[in-house]
Student: 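The structure's right below; bear with me while I get my questions together.
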Amino acid sequence: MKLNKVFLAAGMFAVALTSCTNLDVIPDSQYTEDPSKNSGVDPMIMVEAKMADLYYHLAGTLGRRYMEAQGLASDEFTCLAFDGGYYDDGTYAHQALHDSKATDASLDWYSEVTSGITKANTILEELGSGASTQMTAPARAMRAYFTWILMDSFGDAPILEKVPAEGEVVARSPRKEVAEWIESELTEIIPSLTEDVTANTYGKPTKWMAEALLAKLYINWAVYTAESVDQYDAATAANPKLDDCIAACDEIINSGKFNLGSVDYLHKFSYDNGSQIEDFIYAMPYDVPNLLGMQYARPRSFKQLKGMLPTYYGFSDKFTQSFGGNMVVTPEFVKLFSLEGDIRNLSIQRGDVYIRDSKTLKPTSEPFMYNGKQVHFTDEIALIKEDNTIDVGNDDAAIQKGCHSIKWFANPAEYNVKDNVNPGRNQSNDLPIFRYADILMMKAEALVRTGQSGAMALFNQIRTYAGAPQIAAEPTLQDIYEERGREFFDENWRRNDMIRFGHFEDEFFPHYKKYDFANFDKRHRIFPIEQEMLDLNPGWEQNPGY
(Lines give C-alpha, C1' and ligand atoms only; values in the text may rest on other atoms or scores of the structure.)
Protein backbone atom coordinates (compact mmCIF):
# COMPACT_ATOMS: atom_id res chain seq x y z
CA MET A 1 0.00 0.00 0.00
CA LYS A 2 1.30 3.47 -0.86
CA LEU A 3 1.50 5.91 2.02
CA ASN A 4 1.88 8.88 -0.28
CA LYS A 5 1.61 9.42 -4.00
CA VAL A 6 3.53 11.88 -6.11
CA PHE A 7 1.81 13.45 -9.07
CA LEU A 8 2.99 15.78 -11.78
CA ALA A 9 0.19 18.24 -11.20
CA ALA A 10 1.89 20.99 -9.20
CA GLY A 11 1.03 21.20 -5.54
CA MET A 12 0.55 17.44 -5.32
CA PHE A 13 4.19 16.40 -5.13
CA ALA A 14 5.05 14.33 -2.07
CA VAL A 15 7.54 11.71 -1.05
CA ALA A 16 6.20 8.32 -2.14
CA LEU A 17 7.05 5.53 0.24
CA THR A 18 6.03 1.89 0.42
CA SER A 19 4.68 0.62 3.72
CA CYS A 20 6.75 -2.57 3.58
CA THR A 21 9.94 -0.74 2.63
CA ASN A 22 12.29 0.97 5.06
CA LEU A 23 14.09 3.72 3.15
CA ASP A 24 16.02 5.04 6.13
CA VAL A 25 19.36 6.58 5.31
CA ILE A 26 22.36 4.31 5.84
CA PRO A 27 23.77 5.25 9.29
CA ASP A 28 27.10 6.65 8.08
CA SER A 29 25.23 9.11 5.89
CA GLN A 30 22.86 10.42 8.57
CA TYR A 31 23.10 13.91 10.02
CA THR A 32 21.21 15.41 12.94
CA GLU A 33 21.13 18.88 11.38
CA ASP A 34 21.30 20.34 7.91
CA PRO A 35 25.02 20.55 7.05
CA SER A 36 24.30 23.46 4.71
CA LYS A 37 23.73 25.59 7.81
CA ASN A 38 27.23 24.88 9.07
CA SER A 39 29.79 26.81 7.10
CA GLY A 40 32.54 24.57 8.43
CA VAL A 41 31.17 21.47 6.69
CA ASP A 42 32.74 20.35 3.41
CA PRO A 43 30.16 21.17 0.68
CA MET A 44 30.49 17.66 -0.77
CA ILE A 45 29.51 16.20 2.61
CA MET A 46 26.49 18.48 2.47
CA VAL A 47 25.60 17.02 -0.92
CA GLU A 48 25.95 13.48 0.44
CA ALA A 49 23.55 14.26 3.26
CA LYS A 50 20.95 15.59 0.85
CA MET A 51 21.46 12.74 -1.62
CA ALA A 52 21.25 9.82 0.81
CA ASP A 53 17.49 9.24 0.54
CA LEU A 54 17.57 9.75 -3.23
CA TYR A 55 20.11 6.97 -3.78
CA TYR A 56 17.81 4.36 -2.26
CA HIS A 57 14.47 5.82 -3.24
CA LEU A 58 13.46 3.00 -5.59
CA ALA A 59 14.48 0.13 -3.29
CA GLY A 60 10.91 -1.09 -2.91
CA THR A 61 9.98 -0.65 -6.58
CA LEU A 62 13.10 -2.37 -7.98
CA GLY A 63 12.81 -5.12 -5.38
CA ARG A 64 9.35 -6.24 -6.42
CA ARG A 65 6.95 -4.46 -8.76
CA TYR A 66 9.46 -3.36 -11.40
CA MET A 67 10.82 -6.91 -11.39
CA GLU A 68 7.32 -8.35 -11.90
CA ALA A 69 6.63 -6.11 -14.88
CA GLN A 70 9.98 -6.66 -16.59
CA GLY A 71 10.33 -10.39 -15.86
CA LEU A 72 6.79 -11.48 -16.61
CA ALA A 73 6.60 -9.46 -19.83
CA SER A 74 9.66 -11.34 -21.09
CA ASP A 75 10.08 -14.97 -22.15
CA GLU A 76 11.98 -15.69 -18.90
CA PHE A 77 9.00 -16.10 -16.59
CA THR A 78 5.36 -16.82 -16.50
CA CYS A 79 3.05 -16.71 -13.51
CA LEU A 80 0.80 -19.46 -12.26
CA ALA A 81 -2.48 -19.41 -10.39
CA PHE A 82 -3.30 -22.28 -8.02
CA ASP A 83 -7.06 -22.83 -8.16
CA GLY A 84 -7.38 -19.06 -8.22
CA GLY A 85 -4.67 -18.45 -5.65
CA TYR A 86 -2.18 -15.75 -6.68
CA TYR A 87 -4.30 -14.71 -9.63
CA ASP A 88 -4.69 -11.34 -7.89
CA ASP A 89 -7.02 -9.73 -10.45
CA GLY A 90 -4.69 -10.79 -13.24
CA THR A 91 -1.89 -8.38 -12.36
CA TYR A 92 0.76 -11.05 -13.09
CA ALA A 93 -1.06 -12.87 -15.91
CA HIS A 94 -1.65 -9.67 -17.83
CA GLN A 95 2.09 -9.04 -18.07
CA ALA A 96 2.82 -12.62 -19.17
CA LEU A 97 0.18 -12.37 -21.89
CA HIS A 98 1.32 -8.89 -23.03
CA ASP A 99 -2.16 -7.70 -22.14
CA SER A 100 -1.36 -5.20 -19.38
CA LYS A 101 -4.03 -3.05 -17.75
CA ALA A 102 -3.60 0.49 -16.46
CA THR A 103 -4.84 -0.64 -13.04
CA ASP A 104 -2.42 -3.58 -12.63
CA ALA A 105 -0.58 -3.56 -9.31
CA SER A 106 2.55 -4.78 -11.12
CA LEU A 107 2.62 -1.41 -12.92
CA ASP A 108 1.85 0.71 -9.87
CA TRP A 109 5.29 2.36 -9.76
CA TYR A 110 5.19 5.21 -12.26
CA SER A 111 4.52 7.67 -9.45
CA GLU A 112 7.39 6.23 -7.40
CA VAL A 113 9.81 7.01 -10.21
CA THR A 114 8.48 10.54 -10.71
CA SER A 115 8.78 11.22 -6.99
CA GLY A 116 12.45 10.27 -7.28
CA ILE A 117 12.85 12.83 -10.04
CA THR A 118 11.16 15.38 -7.81
CA LYS A 119 13.57 14.57 -4.99
CA ALA A 120 16.50 15.12 -7.34
CA ASN A 121 15.10 18.46 -8.51
CA THR A 122 14.41 19.58 -4.96
CA ILE A 123 18.05 18.86 -4.08
CA LEU A 124 19.25 20.78 -7.14
CA GLU A 125 17.08 23.77 -6.25
CA GLU A 126 18.39 23.73 -2.68
CA LEU A 127 21.97 23.66 -3.94
CA GLY A 128 21.23 26.73 -6.01
CA SER A 129 22.37 28.05 -9.36
CA GLY A 130 25.85 28.73 -8.05
CA ALA A 131 26.58 25.08 -7.26
CA SER A 132 29.35 23.46 -9.26
CA THR A 133 28.68 20.63 -11.70
CA GLN A 134 30.65 18.40 -9.35
CA MET A 135 28.07 19.10 -6.63
CA THR A 136 25.01 18.70 -8.86
CA ALA A 137 26.19 15.76 -10.98
CA PRO A 138 25.06 12.93 -8.60
CA ALA A 139 21.49 14.27 -8.41
CA ARG A 140 21.40 14.79 -12.17
CA ALA A 141 22.68 11.25 -12.75
CA MET A 142 19.89 9.83 -10.59
CA ARG A 143 17.35 12.04 -12.37
CA ALA A 144 18.59 10.77 -15.73
CA TYR A 145 18.37 7.15 -14.56
CA PHE A 146 14.82 7.59 -13.23
CA THR A 147 13.81 9.30 -16.48
CA TRP A 148 15.34 6.43 -18.46
CA ILE A 149 13.17 3.96 -16.48
CA LEU A 150 10.03 5.85 -17.50
CA MET A 151 11.13 6.22 -21.13
CA ASP A 152 12.20 2.57 -21.49
CA SER A 153 9.02 1.16 -19.93
CA PHE A 154 6.34 3.69 -20.90
CA GLY A 155 7.63 5.50 -24.00
CA ASP A 156 6.87 9.23 -23.97
CA ALA A 157 7.78 10.72 -20.60
CA PRO A 158 7.92 14.09 -18.85
CA ILE A 159 11.27 15.87 -18.95
CA LEU A 160 11.45 17.42 -15.49
CA GLU A 161 14.35 19.77 -14.84
CA LYS A 162 12.68 21.62 -11.98
CA VAL A 163 9.82 21.26 -9.53
CA PRO A 164 6.77 22.60 -11.40
CA ALA A 165 5.21 25.84 -10.25
CA GLU A 166 1.83 25.88 -8.54
CA GLY A 167 -0.84 24.96 -11.07
CA GLU A 168 1.64 23.84 -13.75
CA VAL A 169 0.98 20.55 -15.51
CA VAL A 170 3.98 19.00 -17.26
CA ALA A 171 3.37 17.31 -20.59
CA ARG A 172 4.95 14.04 -21.65
CA SER A 173 7.65 14.59 -24.26
CA PRO A 174 8.12 12.30 -27.30
CA ARG A 175 10.34 9.31 -26.54
CA LYS A 176 13.01 10.43 -29.00
CA GLU A 177 13.32 13.80 -27.27
CA VAL A 178 13.56 12.11 -23.88
CA ALA A 179 16.39 9.88 -25.13
CA GLU A 180 18.21 12.92 -26.51
CA TRP A 181 17.76 14.78 -23.23
CA ILE A 182 19.15 11.84 -21.22
CA GLU A 183 22.13 11.70 -23.56
CA SER A 184 22.85 15.40 -23.15
CA GLU A 185 22.56 15.19 -19.36
CA LEU A 186 24.91 12.23 -19.10
CA THR A 187 27.56 13.57 -21.46
CA GLU A 188 27.59 16.87 -19.57
CA ILE A 189 27.92 15.41 -16.06
CA ILE A 190 30.17 12.39 -16.68
CA PRO A 191 33.43 14.38 -16.35
CA SER A 192 32.28 15.65 -12.96
CA LEU A 193 31.23 12.34 -11.41
CA THR A 194 33.63 10.46 -9.16
CA GLU A 195 35.80 7.75 -10.68
CA ASP A 196 36.28 6.09 -7.29
CA VAL A 197 35.06 2.51 -6.89
CA THR A 198 35.02 1.82 -3.16
CA ALA A 199 32.66 0.62 -0.47
CA ASN A 200 31.75 4.29 0.04
CA THR A 201 30.66 4.79 -3.59
CA TYR A 202 28.78 1.47 -3.76
CA GLY A 203 25.13 2.04 -4.64
CA LYS A 204 25.80 5.65 -5.64
CA PRO A 205 26.16 7.29 -9.05
CA THR A 206 29.72 7.31 -10.35
CA LYS A 207 31.26 8.10 -13.71
CA TRP A 208 31.04 4.40 -14.52
CA MET A 209 27.35 4.16 -13.63
CA ALA A 210 26.64 7.06 -15.99
CA GLU A 211 28.80 5.54 -18.75
CA ALA A 212 26.92 2.24 -18.37
CA LEU A 213 23.56 4.01 -18.62
CA LEU A 214 24.83 5.87 -21.68
CA ALA A 215 25.87 2.57 -23.27
CA LYS A 216 22.38 1.18 -22.60
CA LEU A 217 20.86 4.26 -24.17
CA TYR A 218 23.06 3.92 -27.27
CA ILE A 219 22.60 0.18 -27.83
CA ASN A 220 18.82 0.78 -27.80
CA TRP A 221 18.94 4.08 -29.70
CA ALA A 222 17.05 2.77 -32.72
CA VAL A 223 14.29 1.48 -30.42
CA TYR A 224 13.97 4.73 -28.49
CA THR A 225 14.02 7.02 -31.52
CA ALA A 226 11.65 5.05 -33.76
CA GLU A 227 8.66 6.98 -35.05
CA SER A 228 6.49 4.89 -32.75
CA VAL A 229 7.09 1.79 -30.65
CA ASP A 230 5.36 -0.46 -33.19
CA GLN A 231 7.38 0.95 -36.10
CA TYR A 232 10.72 -0.32 -34.81
CA ASP A 233 11.92 -3.22 -36.98
CA ALA A 234 14.98 -5.04 -35.65
CA ALA A 235 15.85 -6.35 -39.11
CA THR A 236 16.03 -2.97 -40.82
CA ALA A 237 16.47 -0.29 -38.16
CA ALA A 238 19.69 1.72 -38.38
CA ASN A 239 21.47 2.68 -35.19
CA PRO A 240 23.84 5.66 -35.65
CA LYS A 241 25.01 5.44 -32.04
CA LEU A 242 26.78 2.08 -32.11
CA ASP A 243 30.28 3.56 -32.23
CA ASP A 244 29.30 5.80 -29.32
CA CYS A 245 28.16 2.70 -27.46
CA ILE A 246 31.54 1.08 -28.06
CA ALA A 247 33.29 4.22 -26.82
CA ALA A 248 31.22 4.28 -23.60
CA CYS A 249 31.98 0.60 -23.01
CA ASP A 250 35.67 1.20 -23.65
CA GLU A 251 35.73 3.93 -21.01
CA ILE A 252 34.63 1.36 -18.45
CA ILE A 253 36.81 -1.47 -19.77
CA ASN A 254 39.93 0.67 -19.95
CA SER A 255 39.41 2.00 -16.42
CA GLY A 256 40.62 -1.35 -15.06
CA LYS A 257 38.27 -0.98 -12.09
CA PHE A 258 35.99 -3.96 -12.82
CA ASN A 259 36.32 -7.65 -13.62
CA LEU A 260 34.21 -10.76 -14.07
CA GLY A 261 35.79 -13.28 -11.78
CA SER A 262 36.28 -11.93 -8.28
CA VAL A 263 33.69 -14.50 -7.12
CA ASP A 264 31.87 -17.27 -8.97
CA TYR A 265 28.62 -16.60 -10.80
CA LEU A 266 26.29 -18.02 -8.13
CA HIS A 267 27.78 -15.96 -5.30
CA LYS A 268 27.37 -12.71 -7.22
CA PHE A 269 23.66 -12.82 -6.47
CA SER A 270 23.62 -14.53 -3.08
CA TYR A 271 22.53 -13.36 0.36
CA ASP A 272 26.06 -12.19 1.21
CA ASN A 273 26.90 -10.27 -1.98
CA GLY A 274 27.93 -6.64 -1.81
CA SER A 275 30.61 -4.14 -2.68
CA GLN A 276 33.20 -6.92 -2.94
CA ILE A 277 31.64 -8.01 -6.26
CA GLU A 278 33.92 -6.39 -8.81
CA ASP A 279 31.45 -7.13 -11.62
CA PHE A 280 28.93 -4.66 -10.14
CA ILE A 281 29.14 -1.16 -11.61
CA TYR A 282 25.93 0.04 -9.96
CA ALA A 283 23.67 -1.84 -7.57
CA MET A 284 20.84 -1.39 -5.08
CA PRO A 285 22.37 -2.44 -1.73
CA TYR A 286 19.60 -4.17 0.19
CA ASP A 287 20.20 -4.87 3.84
CA VAL A 288 17.71 -6.43 6.26
CA PRO A 289 16.54 -4.65 8.36
CA ASN A 290 18.09 -1.33 7.31
CA LEU A 291 17.04 -1.19 3.65
CA LEU A 292 14.11 -3.41 2.78
CA GLY A 293 12.36 -4.06 -0.52
CA MET A 294 14.14 -7.06 -2.07
CA GLN A 295 11.52 -9.81 -2.43
CA TYR A 296 12.75 -11.97 -5.30
CA ALA A 297 12.68 -15.30 -3.46
CA ARG A 298 9.06 -14.86 -2.39
CA PRO A 299 7.40 -15.66 -5.76
CA ARG A 300 10.22 -17.89 -7.09
CA SER A 301 10.55 -20.46 -4.31
CA PHE A 302 8.58 -23.68 -3.90
CA LYS A 303 5.08 -22.78 -2.75
CA GLN A 304 5.12 -25.10 0.29
CA LEU A 305 8.59 -24.17 1.57
CA LYS A 306 7.29 -22.51 4.73
CA GLY A 307 7.88 -24.70 7.78
CA MET A 308 9.77 -27.39 5.87
CA LEU A 309 13.07 -28.76 7.15
CA PRO A 310 15.37 -29.25 5.44
CA THR A 311 14.61 -26.66 2.78
CA TYR A 312 16.34 -26.77 -0.58
CA TYR A 313 18.28 -23.64 0.42
CA GLY A 314 20.30 -25.85 2.77
CA PHE A 315 20.21 -23.85 5.98
CA SER A 316 19.47 -25.50 9.31
CA ASP A 317 16.65 -23.04 10.01
CA LYS A 318 13.17 -23.38 8.55
CA PHE A 319 11.37 -20.51 6.89
CA THR A 320 8.58 -19.10 9.07
CA GLN A 321 6.97 -16.96 6.36
CA SER A 322 5.17 -18.14 3.26
CA PHE A 323 6.27 -18.23 -0.37
CA GLY A 324 4.18 -17.76 -3.50
CA GLY A 325 5.88 -20.14 -5.92
CA ASN A 326 3.88 -18.52 -8.71
CA MET A 327 6.73 -17.20 -10.90
CA VAL A 328 8.26 -20.02 -12.92
CA VAL A 329 10.62 -20.17 -15.89
CA THR A 330 8.96 -20.70 -19.26
CA PRO A 331 9.59 -24.03 -21.04
CA GLU A 332 11.17 -22.14 -23.94
CA PHE A 333 13.62 -20.15 -21.85
CA VAL A 334 14.83 -23.00 -19.66
CA LYS A 335 16.27 -24.69 -22.75
CA LEU A 336 19.01 -22.05 -22.88
CA PHE A 337 20.57 -23.58 -19.78
CA SER A 338 22.12 -26.66 -21.34
CA LEU A 339 25.74 -25.76 -22.08
CA GLU A 340 28.15 -28.35 -20.69
CA GLY A 341 29.95 -27.17 -17.56
CA ASP A 342 28.09 -23.86 -17.43
CA ILE A 343 27.71 -22.80 -13.77
CA ARG A 344 24.77 -20.62 -14.80
CA ASN A 345 22.73 -23.79 -15.33
CA LEU A 346 22.55 -23.97 -11.53
CA SER A 347 20.59 -20.71 -11.41
CA ILE A 348 17.50 -22.77 -12.18
CA GLN A 349 15.91 -25.61 -10.21
CA ARG A 350 15.00 -28.07 -12.96
CA GLY A 351 13.89 -31.71 -12.83
CA ASP A 352 14.71 -33.61 -9.63
CA VAL A 353 15.42 -31.10 -6.88
CA TYR A 354 18.31 -31.54 -4.45
CA ILE A 355 19.11 -29.62 -1.30
CA ARG A 356 21.75 -26.96 -1.87
CA ASP A 357 24.86 -26.37 0.19
CA SER A 358 24.29 -22.96 1.80
CA LYS A 359 27.99 -22.12 1.45
CA THR A 360 28.79 -23.29 -2.09
CA LEU A 361 25.19 -22.72 -3.28
CA LYS A 362 25.49 -25.91 -5.35
CA PRO A 363 23.28 -29.00 -5.17
CA THR A 364 24.23 -31.78 -2.78
CA SER A 365 23.28 -35.42 -3.28
CA GLU A 366 20.43 -35.15 -0.76
CA PRO A 367 16.99 -35.12 -2.41
CA PHE A 368 14.54 -32.39 -1.47
CA MET A 369 11.40 -34.19 -0.34
CA TYR A 370 7.76 -33.18 -0.09
CA ASN A 371 4.99 -35.50 1.10
CA GLY A 372 7.37 -38.45 0.95
CA LYS A 373 8.54 -37.90 -2.63
CA GLN A 374 11.42 -36.03 -4.21
CA VAL A 375 10.27 -32.73 -5.66
CA HIS A 376 10.50 -32.64 -9.44
CA PHE A 377 10.05 -29.36 -11.33
CA THR A 378 8.80 -29.96 -14.86
CA ASP A 379 9.84 -28.03 -17.97
CA GLU A 380 6.35 -28.25 -19.40
CA ILE A 381 3.33 -26.57 -17.83
CA ALA A 382 -0.21 -27.81 -18.34
CA LEU A 383 -3.21 -25.59 -17.63
CA ILE A 384 -6.36 -26.96 -16.01
CA LYS A 385 -8.36 -24.75 -18.39
CA GLU A 386 -7.21 -22.72 -21.34
CA ASP A 387 -8.03 -19.19 -20.30
CA ASN A 388 -6.20 -16.07 -19.20
CA THR A 389 -5.94 -17.11 -15.55
CA ILE A 390 -2.91 -19.39 -16.26
CA ASP A 391 -4.26 -21.77 -13.60
CA VAL A 392 -2.58 -25.13 -13.01
CA GLY A 393 -4.59 -26.38 -10.04
CA ASN A 394 -3.35 -26.79 -6.49
CA ASP A 395 -2.42 -30.43 -5.85
CA ASP A 396 1.09 -31.81 -5.35
CA ALA A 397 1.64 -32.17 -9.10
CA ALA A 398 0.37 -28.67 -9.85
CA ILE A 399 2.75 -26.88 -7.50
CA GLN A 400 5.70 -28.66 -9.16
CA LYS A 401 4.86 -27.45 -12.66
CA GLY A 402 7.48 -25.17 -14.12
CA CYS A 403 11.14 -24.71 -13.22
CA HIS A 404 12.17 -22.22 -10.55
CA SER A 405 14.88 -19.58 -10.36
CA ILE A 406 17.19 -19.97 -7.36
CA LYS A 407 19.55 -17.22 -8.50
CA TRP A 408 18.54 -14.98 -5.60
CA PHE A 409 19.50 -17.45 -2.87
CA ALA A 410 17.43 -16.84 0.29
CA ASN A 411 18.67 -16.97 3.87
CA PRO A 412 16.00 -17.76 6.49
CA ALA A 413 17.94 -15.72 9.07
CA GLU A 414 16.90 -12.62 7.11
CA TYR A 415 13.56 -13.75 5.72
CA ASN A 416 12.06 -14.86 9.04
CA VAL A 417 10.39 -12.90 11.81
CA LYS A 418 13.00 -12.45 14.53
CA ASP A 419 12.95 -10.61 17.86
CA ASN A 420 9.47 -9.29 17.03
CA VAL A 421 10.81 -7.70 13.83
CA ASN A 422 8.95 -8.74 10.68
CA PRO A 423 11.16 -8.25 7.61
CA GLY A 424 8.18 -8.79 5.31
CA ARG A 425 9.80 -11.64 3.34
CA ASN A 426 12.70 -9.37 2.42
CA GLN A 427 16.27 -10.36 1.61
CA SER A 428 19.71 -8.78 1.79
CA ASN A 429 20.74 -9.83 -1.74
CA ASP A 430 21.99 -6.69 -3.47
CA LEU A 431 20.50 -6.14 -6.92
CA PRO A 432 22.99 -5.27 -9.68
CA ILE A 433 21.61 -2.76 -12.14
CA PHE A 434 24.69 -2.41 -14.35
CA ARG A 435 27.39 -5.11 -14.52
CA TYR A 436 30.78 -5.28 -16.20
CA ALA A 437 29.62 -8.45 -17.97
CA ASP A 438 26.91 -6.37 -19.63
CA ILE A 439 29.50 -3.85 -20.81
CA LEU A 440 31.45 -6.65 -22.50
CA MET A 441 28.32 -8.05 -24.12
CA MET A 442 27.06 -4.65 -25.30
CA LYS A 443 30.42 -3.90 -26.88
CA ALA A 444 30.41 -7.33 -28.55
CA GLU A 445 26.92 -6.70 -29.91
CA ALA A 446 27.84 -3.25 -31.21
CA LEU A 447 30.92 -4.69 -32.93
CA VAL A 448 28.85 -7.37 -34.67
CA ARG A 449 26.19 -4.86 -35.70
CA THR A 450 28.86 -2.60 -37.26
CA GLY A 451 30.70 -5.45 -38.97
CA GLN A 452 33.85 -5.10 -36.85
CA SER A 453 35.92 -7.92 -35.37
CA GLY A 454 36.69 -8.49 -31.70
CA ALA A 455 33.33 -9.73 -30.43
CA MET A 456 34.54 -13.35 -30.06
CA ALA A 457 37.20 -12.40 -27.49
CA LEU A 458 34.67 -10.45 -25.42
CA PHE A 459 32.11 -13.24 -25.71
CA ASN A 460 34.65 -15.82 -24.58
CA GLN A 461 35.52 -13.82 -21.49
CA ILE A 462 31.96 -14.50 -20.35
CA ARG A 463 32.09 -18.15 -21.36
CA THR A 464 35.45 -18.69 -19.60
CA TYR A 465 34.42 -17.44 -16.19
CA ALA A 466 31.08 -19.27 -16.47
CA GLY A 467 32.87 -22.55 -17.26
CA ALA A 468 30.98 -22.87 -20.54
CA PRO A 469 32.45 -23.93 -23.92
CA GLN A 470 34.21 -21.18 -25.83
CA ILE A 471 33.23 -20.27 -29.36
CA ALA A 472 35.71 -20.51 -32.25
CA ALA A 473 34.32 -17.80 -34.55
CA GLU A 474 32.81 -14.35 -34.30
CA PRO A 475 29.36 -14.65 -32.69
CA THR A 476 26.17 -13.92 -34.57
CA LEU A 477 23.50 -11.62 -33.19
CA GLN A 478 21.49 -14.72 -32.32
CA ASP A 479 24.47 -16.09 -30.37
CA ILE A 480 24.67 -12.84 -28.44
CA TYR A 481 20.92 -12.77 -27.81
CA GLU A 482 20.97 -16.28 -26.38
CA GLU A 483 24.09 -15.61 -24.31
CA ARG A 484 22.52 -12.49 -22.85
CA GLY A 485 19.61 -14.71 -21.82
CA ARG A 486 21.96 -16.99 -19.89
CA GLU A 487 24.14 -14.31 -18.38
CA PHE A 488 21.48 -11.78 -17.37
CA PHE A 489 18.67 -14.18 -16.53
CA ASP A 490 16.42 -12.78 -13.82
CA GLU A 491 18.09 -9.34 -13.80
CA ASN A 492 15.30 -7.32 -15.45
CA TRP A 493 16.99 -6.94 -18.85
CA ARG A 494 15.28 -9.59 -20.97
CA ARG A 495 12.28 -7.48 -22.05
CA ASN A 496 14.69 -4.74 -23.12
CA ASP A 497 16.77 -7.26 -25.09
CA MET A 498 13.76 -8.94 -26.69
CA ILE A 499 12.49 -5.67 -28.13
CA ARG A 500 15.90 -4.66 -29.49
CA PHE A 501 16.55 -8.06 -31.09
CA GLY A 502 13.03 -8.30 -32.51
CA HIS A 503 11.77 -11.17 -30.34
CA PHE A 504 9.15 -9.50 -28.15
CA GLU A 505 6.31 -10.86 -30.28
CA ASP A 506 7.72 -14.40 -30.21
CA GLU A 507 5.65 -17.29 -28.85
CA PHE A 508 6.50 -18.51 -25.36
CA PHE A 509 4.31 -19.97 -22.65
CA PRO A 510 1.51 -18.89 -22.40
CA HIS A 511 2.02 -16.17 -25.00
CA TYR A 512 0.90 -18.44 -27.82
CA LYS A 513 -1.01 -17.44 -30.93
CA LYS A 514 -3.36 -20.36 -30.42
CA TYR A 515 -4.75 -18.55 -27.39
CA ASP A 516 -7.08 -15.68 -28.23
CA PHE A 517 -6.31 -14.17 -24.80
CA ALA A 518 -2.61 -13.66 -25.65
CA ASN A 519 -1.82 -10.25 -27.12
CA PHE A 520 0.59 -9.68 -30.01
CA ASP A 521 0.01 -5.96 -30.54
CA LYS A 522 3.42 -4.38 -31.20
CA ARG A 523 2.28 -1.28 -29.34
CA HIS A 524 2.45 -3.38 -26.17
CA ARG A 525 6.25 -3.21 -26.21
CA ILE A 526 5.68 -0.47 -23.66
CA PHE A 527 3.30 -0.61 -20.70
CA PRO A 528 0.14 1.44 -20.16
CA ILE A 529 0.39 4.52 -17.98
CA GLU A 530 -0.89 3.94 -14.46
CA GLN A 531 -4.56 5.01 -14.43
CA GLU A 532 -4.20 7.15 -11.34
CA MET A 533 -1.47 9.17 -13.05
CA LEU A 534 -3.79 9.80 -16.00
CA ASP A 535 -6.62 10.84 -13.71
CA LEU A 536 -4.44 13.40 -11.95
CA ASN A 537 -2.66 14.84 -14.99
CA PRO A 538 -5.12 16.61 -17.31
CA GLY A 539 -4.07 16.40 -20.94
CA TRP A 540 -2.20 13.12 -20.60
CA GLU A 541 -3.41 10.37 -22.92
CA GLN A 542 -3.07 6.65 -22.48
CA ASN A 543 -0.43 4.93 -24.59
CA PRO A 544 -1.83 3.81 -27.98
CA GLY A 545 -3.13 0.25 -27.98
CA TYR A 546 -4.44 0.35 -24.40
Side-chain angles (χ1 to χ4, degrees), residues 1 18-22 59-60 63-65 67-68 71-72 77-93 95-96 105-106 108 270-271 286 288-289 292-329 348-349 353 355-356 358 368-377 381 389-429 431 490:
M1 181 183 71
T18 306
S19 60
C20 60
T21 302
N22 182 344
R64 183 182 177 188
R65 294 305 194 186
M67 165 271 291
E68 292 171 354
L72 289 170
F77 290 104
T78 191
C79 58
L80 305 179
F82 304 107
D83 275 344
Y86 296 105
Y87 179 65
D88 292 359
D89 296 323
T91 186
Y92 313 118
Q95 315 317 319
S106 293
D108 187 16
S270 185
Y271 54 88
Y286 293 98
V288 175
L292 302 179
M294 163 50 107
Q295 295 191 6
Y296 280 37
R298 179 182 182 182
R300 289 162 173 74
S301 301
F302 182 52
K303 182 174 178 287
Q304 300 300 94
L305 208 59
K306 176 184 177 181
M308 295 182 67
L309 203 63
T311 74
Y312 59 56
Y313 285 107
F315 293 95
S316 58
D317 295 335
K318 64 179 66 174
F319 288 95
T320 61
Q321 299 204 70
S322 63
F323 293 86
N326 58 315
M327 277 185 69
V328 297
V329 185
I348 295 178
Q349 297 273 45
V353 180
I355 294 170
R356 298 282 178 122
S358 61
F368 173 64
M369 308 293 288
Y370 175 67
N371 280 350
K373 297 180 179 179
Q374 184 175 12
V375 171
H376 181 93
F377 291 142
I381 304 168
T389 61
I390 318 180
D391 205 312
V392 295
N394 199 28
D395 58 15
D396 286 3
I399 62 176
Q400 296 177 57
K401 291 178 180 178
C403 302
H404 290 248
S405 171
I406 195 173
K407 185 166 178 172
W408 304 98
F409 209 91
N411 185 349
E414 299 165 346
Y415 195 89
N416 291 343
V417 176
K418 186 177 181 181
D419 298 329
N420 296 320
V421 175
N422 186 348
R425 304 179 184 89
N426 282 271
Q427 305 165 248
S428 290
N429 310 56
L431 176 67
D490 207 356

Student: Does the side chain of Ile399 reach to within under 4.5 Å of the side chain of Phe82, using non-hydrogen atoms?
Tutor: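 Touching, per the 4.5 Å side-chain cut-off.
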
Student: Which heavy-atom pair separates Ala81 from Thr389 by the least distance, and what is that distance?
Tutor: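 Between these two residues, the closest heavy atoms are CB-O, 3.5 Å.
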
Student: Determine the minimum heavy-atom distance between Pro299 and Met67, stating which atoms define it.
Tutor: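 Here Pro299 and Met67 meet closest at CG-CE, 4.4 Å.
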
Student: Is any side-chain N of the basic residue among Arg300 and Asp490 closer than 4.0 Å to the acidic one's carboxylate O?
Tutor: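 A salt bridge links Arg300 with Asp490.
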
Student: Which of these, Ile390, Thr91, Val328, sits in a side chain to side chain contact (heavy atoms under 4.5 Å, CB included) with Cys79?
Tutor: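 So, applying the side chain to side chain contact (heavy atoms under 4.5 Å, CB included) to Cys79 and each of Ile390, Thr91, Val328, only Ile390 qualifies.
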
Student: Counting only N and O atoms by type, is there a donor-acceptor contact under 3.5 Å from the side chain of Asn429 to the main-chain atoms of Phe409?
Tutor: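 Yes, the answer is positive, given that a donor and an acceptor are paired below the 3.5 Å cut-off.
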
Student: Has Asp89 got more than 12 heavy atoms of other residues, nucleotides or ligands less than 6.0 Å from its CG?
Tutor: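 Atom CG in Asp89 is not crowded, with 12 or fewer foreign heavy atoms closer than 6.0 Å.
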
Student: Would you say that Leu431 contacts Trp408 through its side chain, given a criterion of any heavy-atom pair below 4.5 Å between the two side chains?
Tutor: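 A side-chain contact exists here, since the closest heavy-atom pair is under 4.5 Å.
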
Student: Between Gln321 and Tyr415, is there a donor-acceptor pair closer than 3.5 Å when you use the side chain of the first and the backbone of the second?
Tutor: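 Yes, because the side chain of Gln321 sits within donor-acceptor range (under 3.5 Å) of the backbone of Tyr415.
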
Student: Decide yes or no on ring pair (Phe, Tyr, Trp, His ring centres under 6.0 Å) for Tyr271 and Tyr313, but give the supporting numbers first.
Tutor: CA-CA 11 Å; Tyr271 54 88; Tyr313 285 107; 9.2 Å; no

Student: Compare every heavy atom of Val392 with every heavy atom of Ala398, then report the nearest pair and how far apart it is.
Tutor: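 Taking every non-hydrogen atom into account, CB-O, 3.2 Å.
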
Student: Using ring pair (Phe, Tyr, Trp, His ring centres under 6.0 Å) as the criterion, point out the one residue from Phe323, Tyr370, Tyr312, Phe319 that pairs with Phe302.
Tutor: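 Single ring pair (Phe, Tyr, Trp, His ring centres under 6.0 Å) partner of Phe302 among Phe323, Tyr370, Tyr312, Phe319: Tyr370.
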
Student: For the rings on Phe77 and Tyr92, is their centre-to-centre separation under 6.0 Å?
Tutor: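 No, they do not, as the ring centres are separated by 6.0 Å or more.
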
Student: Report yes if the side chains of Tyr86 and Leu80 come closer than 4.5 Å at any heavy-atom pair, otherwise no.
Tutor: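 Result no, sub-4.5 Å side-chain heavy-atom pair not found.
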
Student: Regarding Glu414 and Ser428, is there a side-chain donor-to-acceptor distance under 3.5 Å anywhere?
Tutor: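 Result is yes, a qualifying pair exists.
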
